[in-house]
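Okay, so here's the structure we're looking at.
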Amino acid sequence: MVFSFSFRVSCFIIIISLYLKSLYLKSLYLTIVGNFGEKMADTIHWADVIAEETLQKSSKHLVATGITPSGHIHIGNMREVVTADAAYRSLLDKGAEAELIYIADTYDPLRKVYPFLPESYAEHVGKPLSEVPCPCGDCANYAEHFLKPFLAALQRLGITPKVYKADEMYKEGLYIEAIKTALLKRDEIAKILEEVSGKTVVEDWSPFNPICNECGKLTMTKVTGFDVDAETVDYSCSCGHAGTVSMKGGGKLTWRVDWPARWGILGVSIEPFGKDHASSGGSYATGTRIVEEIYEHQPPSPIVYEWIMLGKKGAMSSSTGVVVSISDMLEVVPPEVLRYLIIRTKPEKHIQFDPGQPLLSLVDEYERLRTKFQEEDPSLGDFDKRIYELSRATGICQSEIPFKQMVTISQVARGDFEQILKIVKRSGFETENEMSIRELAENVSKWLDLYAPPFAKFSVKENVPLQVATLSDLQKAFLGALADIIEASGELTGENYHLLVYSAKEAGSELNGRIAASLGIEPEALEVNPKDLFKAIYTAILGQGSGPKAGWFLSSFEKEFLVERFREAAVYQS
RNA sequence: GGGCCCGUAGCUUAGUCAGGCAGAGCGACGGACUCUUAAUCCGUAGGCCGGGGGUUCAAAUCCCUUCGGGCCCGCCA
């Protein structure tokens, strides 16, 4: 095909001009929208993004979380609840009508004898957790045993959901209609499960698991019939027994049906869940179809979250025993810091949790943020402000003393609380709220015991440490002179101590003169490096060459102790 | 076999949906405050945005592919 030359030229011109035009339009667009966009570029917190999205669907929301209390509820589980709470708070902040609920799956069967259980629990495997005896004997049942400390921890985290217990919901009959529907539409449900999960559903499968009247287990029964009017289900159990149970508390829907049924019964509109449920063919996928097609309700907006990894040991999991329970953690770190850990990370990212030194940095970072927020520091961006707001555990009064500083105070005081209070006061902190100080002190001492890395630890030696033998004559002379001056002075502040030490290198200062005299040389001949002086101080008190910031470290001690210790060190003979 | 999430400075990460100069915090380094090693303030360095290819005037961002990490598809958040 041959086009005339002029046709080709005009085509070319048209194409070029269109191209140039698009370039022009784009740059024009950028000058207008680009600048506008810059002002809008502030990062929005993930919880607000979620709230914004769900608000477009409806203005009324039920945020649900649910955990099976089959073992110690750990920080990994906590992510679910804090995530839900963040979304919930954000919804409230945006003026939505919202409620936060927590569903404890107390009617799930005990899967196996976990490592922390005695062998005798073998006979309870297969029974609902609410019907298994409590391991310690003090709680109403097995589920309660793990639930109680968890709910207490939630309280401390400032999370106060309405609590539902699955066993009570079943026993009160809330599930009856859902059970009837599931039994009647058994084939449809089975079809969905096969289509979505790709698994074959066995011939005698039922969405409902009756609890055997004889052995009390719900994992070994088969449904043999049911009566919708009488609201009963017939079954046979592999224990040999056969019988009839009520739909009111006589059994439980299988998990993949229970979950969507619950969405419908309670009207759940947002729910975070672990990524295990999220993959295609997983329980969220089947649940979505079941709730839409069987229960005629919309599935909740999902918030899929990643696992929390413990140090280098891998994912936190009750079954592998890699677990730090929330209550354990709350003994070590203030609740708001735990919230902060979760709030600052997007749900789909793993969290590396290490209770050792990294925890110290985490606390530090949080405290820095808190201070900036309280002082209305202009360098604090909206995004960080939002993180702080969402990390706050309302109704909790926390000490203003930095965790790191308490690490030192606590060790100087050798854990004695009266002593700690004195030092706190001397360091210029408020001591009015003794409770909050005590709480922090307890956190810190637990942390030192369990997780602190060696470099953070020191111990004030009972007697002059052997290492003093390594000190030079100059260092010893300095300690002796320092003791004299401290003894003659009144109460000294951290700053005073600091300046005092530095005065050693100034010709004409009292300390400088005393050192020279003690060494029997002229002050002009005295050469002092402050580094050596600090080293002498740490050696005399701790037996090591370094320690916490010297000024306020010294001011933490009783004067008498310092005078005596430095004198002894000054005349120490190995 | 099929699917999901993550990979950006030494570390923790924002930015990815909607393509438009890759930003912070910590740490490190340098300096200041008569002020040390873990206070404060100021400053500096540090990046083939995991790799490769493609689309585009323009890619961390979209598409394909590949590697690494973590998971799921059995009723374990």
Side-chain angles (χ1 to χ4, degrees), chain A residues 19-20 22-23 26-27 29-30 33-34 37-38 41-45 49 53 65-71 73-81 83 105 108-109 111-112 114 196-199 209 219 252-259 272-286 304-309 314-320 344-352 358 360-362 364-365 368-369 379 381 383-384 402 404-405 407-408 455-456 494-495 498-499 501-503 505-506 509 529-535 537-538 545-553:
Chain A
Y19 173 65
L20 287 176
S22 78
L23 266 188
K26 268 189 181 157
S27 64
Y29 169 84
L30 278 178
V33 177
E38 242 168 63
D42 276 332
T43 306
I44 300 168
H45 190 268
V49 174
E53 279 170 10
T65 85
I67 290 165
T68 306
S70 57
I73 300 179
H74 51 77
I75 329 195
N77 303 119
M78 188 182 71
R79 185 165 201 182
E80 163 146 344
V81 192
T83 302
D105 277 323
D108 262 12
R111 306 269 170 218
K112 61 173 184 180
Y114 295 103
V196 179
S197 75
K199 292 276 162 188
N209 296 321
T219 46
K252 179 186 184 299
L253 289 170
T254 185
W255 163 246
R256 283 193 185 241
V257 182
D258 177 293
W259 202 21
F273 46 87
K275 59 179 182 176
D276 52 341
H277 294 305
S279 64
S280 80
S283 50
Y284 182 71
T286 53
V304 180
Y305 60 85
E306 254 289 349
W307 314 102
I308 295 185
M309 323 285 290
M316 198 130 9
S317 148
S318 327
S319 49
T320 54
R344 66 170 187 166
T345 313
K346 284 189 297 195
E348 63 267 27
K349 289 233 184 201
H350 329 237
I351 291 179
Q352 206 60 247
L360 200 57
S361 317
L362 180 74
D364 228 32
E365 205 178 306
R368 221 182 294 248
L369 181 62
S379 72
F383 183 60
D384 287 330
K404 244 183 184 172
Q405 203 146 336
V407 166
T408 301
F455 90 94
E495 172 115 21
H498 189 87
L499 294 176
V501 174
Y502 269 87
S503 74
K505 66 175 183 186
E506 279 168 41
S509 74
N529 180 357
K531 248 193 166 87
D532 296 329
L533 306 184
F534 287 109
K535 201 167 173 195
I537 290 170
Y538 297 124
S546 64
K549 196 107 182 129
W552 74 269
F553 178 58

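Every chain is numbered from 1 and lettered A, B, ... according to where its sequence line falls, protein lines coming before strand lines. Below, all heavy atoms of this structure are taken into account, side chains as well, without hydrogens, waters or symmetry copies.
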Atom NZ of Lys275(A) and atom C1' of C6(B): how far apart are they, to the nearest Å? 9 Å
Hey, what do you get for CD (Glu80(A)) to CZ (Phe273(A)), rounding to the nearest 0.5 Å? 9.5 Å
Apply salt bridge (Lys or Arg N to Asp or Glu O under 4.0 Å) to Lys535(A) and list each qualifying residue two or more places apart in sequence or on a separate chain. none
Now, which nucleotide makes the Watson-Crick or G-U wobble pair with C4(B), with each of the two distances under 3.5 Å? G70(B)
Quickly work out the Arg79(A) CZ to C6(B) C1' distance and round it to whole Å. 11 Å
Backbone N or O of Asp384(A) within a donor-acceptor pair of the Arg344(A) side chain at under 3.5 Å? no
With rounding to the closest Å, how many angstrom separate the C1' atoms on U8(B) and G15(B)? 9 Å
Once you round to the nearest 0.5 Å, how far does CG of Asp364(A) lie from CD of Gln405(A)? 10.5 Å
Using heavy atoms to find the nearest nucleotide of RNA chain B for Lys404(A) and Leu253(A) separately, return the residue whose nucleotide is more 5′. Lys404(A)
Mind checking who C35(B) pairs with, Watson-Crick or G-U wobble, both distances under 3.5 Å? none
Side chain of Glu306(A), backbone of Lys275(A): donor and acceptor closer than 3.5 Å? no
Base C75(B) to side chain Thr254(A), donor-acceptor N/O within 3.5 Å cut-off: yes
Would you mind pulling out the nucleotide paired to U61(B), Watson-Crick or G-U wobble, both distances under 3.5 Å? none
Measure the CD1-CD1 distance between Ile308(A) and Ile351(A) for me, rounded to the nearest 0.5 Å. 4.5 Å
With C1' as the reference atom in both, quote the distance from G7(B) to G47(B) in angstrom, rounded to an integer. 14 Å
P gap between C62(B) and U44(B), integer Å: 33 Å
Here the distance between atom C1' of C41(B) and atom CZ of Arg368(A), to the nearest Å, is 13 Å
Spacing between Trp307(A) atom CH2 and C4(B) atom C1', to the nearest angstrom: 12 Å
My understanding is that only residues two or more places apart in sequence, or in another chain, count here; which of them pass side-chain contact (heavy atoms from CB on, under 4.5 Å) with Asp108(A)? Thr68(A), Asp105(A), Arg111(A), Leu129(A), Lys252(A)
G50(B) and C26(B), which share atom name P, separated by this distance in whole Å: 24 Å
Give none if G43(B) has no partner; otherwise give the nucleotide forming a Watson-Crick or G-U wobble pair with it, both distances under 3.5 Å. C29(B)
Contact string for nucleotides 7-17 of chain B, one letter per nucleotide 5' to 3', B = base within protein heavy-atom range under 4.0 Å, S = sugar-phosphate only, - = neither, reads S----S-SS--
Provide the distance between the two P atoms, one in U55(B) and one in U61(B), to the nearest whole Å. 15 Å
Checking all strands, does Ser361(A) fall into the base, sugar-phosphate, or nothing category for heavy-atom contacts under 4.0 angstrom? nothing
Got a second to check how far Ser283(A)'s OG is from Trp259(A)'s CH2, nearest 0.5 Å? 5.0 Å
Determine the Euclidean distance between corresponding C1' atoms of A28(B) and U12(B); express it in Å to zero decimal places. 15 Å
Rounded to whole angstroms, how far apart are CG on Asp364(A) and P on A38(B)? 12 Å
C71(B) and G10(B), which share atom name P, separated by this distance in whole Å: 26 Å
For U16(B), which nucleotide is its Watson-Crick or G-U wobble mate, given both distances must be under 3.5 Å? none
Euclidean distance, atom OH of residue Tyr538(A) to atom C1' of U37(B) [Å, nearest integer]: 7 Å
Take atom P in G54(B) and the same atom in G25(B), then report the distance between them in whole Å. 37 Å
Quick one: look up who C21(B) pairs with, Watson-Crick or G-U, both distances under 3.5 Å, and put none if it's unpaired. none
Report the nucleotide, chosen from C75(B), U37(B), C6(B), that has the shortest atom-to-atom distance to any side-chain atom of Glu348(A). C6(B)
Under a 3.5 Å limit on both distances, the Watson-Crick or wobble mate of C49(B) is none
What's the separation between atom CZ in Arg79(A) and atom NE2 in His74(A), rounded to the nearest 0.5 Å? 13.0 Å
On RNA chain B, check which nucleotide each of Val407(A) and Pro272(A) is closest to and give me the residue with the more 5' one. Val407(A)
Could you state the CG-C1' distance from Leu360(A) to A38(B), rounded to the nearest angstrom? 9 Å
Distance in angstrom units between Phe273(A) CZ and C71(B) C1', rounded: 14 Å
